[in-house]
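This report refers to the structure that appears directly beneath it.
Note that the structure is predicted; figures quoted are calculated from it, not measured.
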Amino acid sequence: LKAVLLGCLALILGISVGVVLYALIGNVIAGPYLEAMTERMMADAGRIKETPRGYWRAFAAGLADQLLRFFLFLAVQAGLLAIYCTPGAFIHPLMAGATTVFFVALEHLEYPLEARGLRFFDRISWTLKRAAPSLGFGTTLFFILPVAGFVLLPAAVCGGVLLEQELARVETTSPTA
């Protein structure tokens, strides 16, 4: 019985690690192309001047961003796991889900925010300040991307560009801005 349980645990752990690695590696490889697509969309809209960095520079920057975002996600989830050990454990699934949705949104909003020149933690701050639309966008992607995977990845990045563009437009034309 012990061997069966260990085998099941190893299988679950192996599948989980495989899915995470698949997503990380896929995003790192696709990142330079998605970044170029983002810059082209923003240049066509007259928002930035297209400045291609080259595949390998974009690849290295994408790898660093993916790893930083992944470890930050793990750190936040580990912190939330501490809530699970308290009487407030019923909040844990909601907060863990909201955190996941936030990071899904951040991942796809990073392309236009990076094209605007925002650094990693500035992109997080930008997304946090616009939590409602970001969480709405992240929730949509959270339910769509597992089904469609990398097929809809360019569409998700285009959605991130359009959301960032619309939020920037609203903020610059609103009377409180």
Under the rule for side chain to side chain contact (heavy atoms under 4.5 Å, CB included), what residues qualify as partners of [X], not counting sequence neighbours?
X	value
I15	L11, V19
Y33	Y55
P93	none
F90	none

[X] side chain vs [Y] backbone, donor-acceptor pair below 3.5 Å:
X	Y	answer
R123	L118	yes
T86	A82	no
H92	G88	no

Handout entry: Lys/Arg-Asp/Glu bridge criterion (N-O < 4.0 Å) met for R116, E164
Key =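 Salt bridge present between R116 and E164.
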Student check: side-chain heavy atoms of [X] and [Y] closer than 4.5 Å:
X	Y	result
V104	F137	no
L72	I124	yes
T139	F143	yes
V161	M37	no

Exercise for the section: Group every Ile, Leu, Val, Met, Phe, Trp and Tyr by side-chain heavy-atom contacts under 4.5 Å, then state whether F102 and L94 land in the same group. Expected result: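 No, separate clusters.
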Exercise for the section: Starting at CG of L109, measure out to CG of L163 and round the result to the nearest 0.5 Å. Expected result: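 Going from the CG atom of L109 to the CG atom of L163 covers 5.5 Å.
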Problem - Nearest-0.5 Å distance, CD1 of residue I91 to CG of residue L80 - result: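 The CD1 atom of I91 sits 10.5 Å away from the CG atom of L80.
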[X] and [Y]: which non-hydrogen atoms are nearest, and at how many Å?
X	Y	result
P112	G160	CG-O, 3.7 Å
A156	L141	CB-CD2, 3.5 Å
A105	S134	CB-O, 3.1 Å
L106	T127	CD1-OG1, 3.5 Å

Handout entry: Heavy atoms of other groups near M95 CE, more than 12 under 6.0 Å
Key =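 Counting neighbours around CE of M95, 12 or fewer heavy atoms of other residues, nucleotides or ligands fall under 6.0 Å, so no.
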Exercise for the section: Give a yes or no on this: more than 12 heavy atoms of other residues, nucleotides or ligands lie within 6.0 Å of atom CZ of F120. Expected result: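 Atom CZ in F120 is packed in, count exceeds 12.
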Exercise for the section: List the steps and the verdict of side chain to side chain contact (heavy atoms under 4.5 Å, CB included) for M41 and V157. Expected result: CA-CA 10 Å; M41 283 182 69; V157 172; over 6 Å; no
Problem - Under the salt bridge (charged side-chain N to carboxylate O under 4.0 Å, His left out) test, residues paired with R69 that sit two or more places apart - result: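 Checked R69 against salt bridge (charged side-chain N to carboxylate O under 4.0 Å, His left out); matches are E110.
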Handout entry: T100: side chain to side chain donor-acceptor pair (under 3.5 Å) partners, not counting sequence neighbours
Key =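 Partners of T100 by the side chain to side chain donor-acceptor pair (under 3.5 Å) criterion, ordered by chain and then number, come out as Q77.
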Handout entry: CA sep, side-chain torsions, deciding dist, call: R169, E166, side chain to side chain contact (heavy atoms under 4.5 Å, CB included)
Key = CA-CA 5 Å; R169 185 190 63 76; E166 179 63 19; 2.4 Å; yes
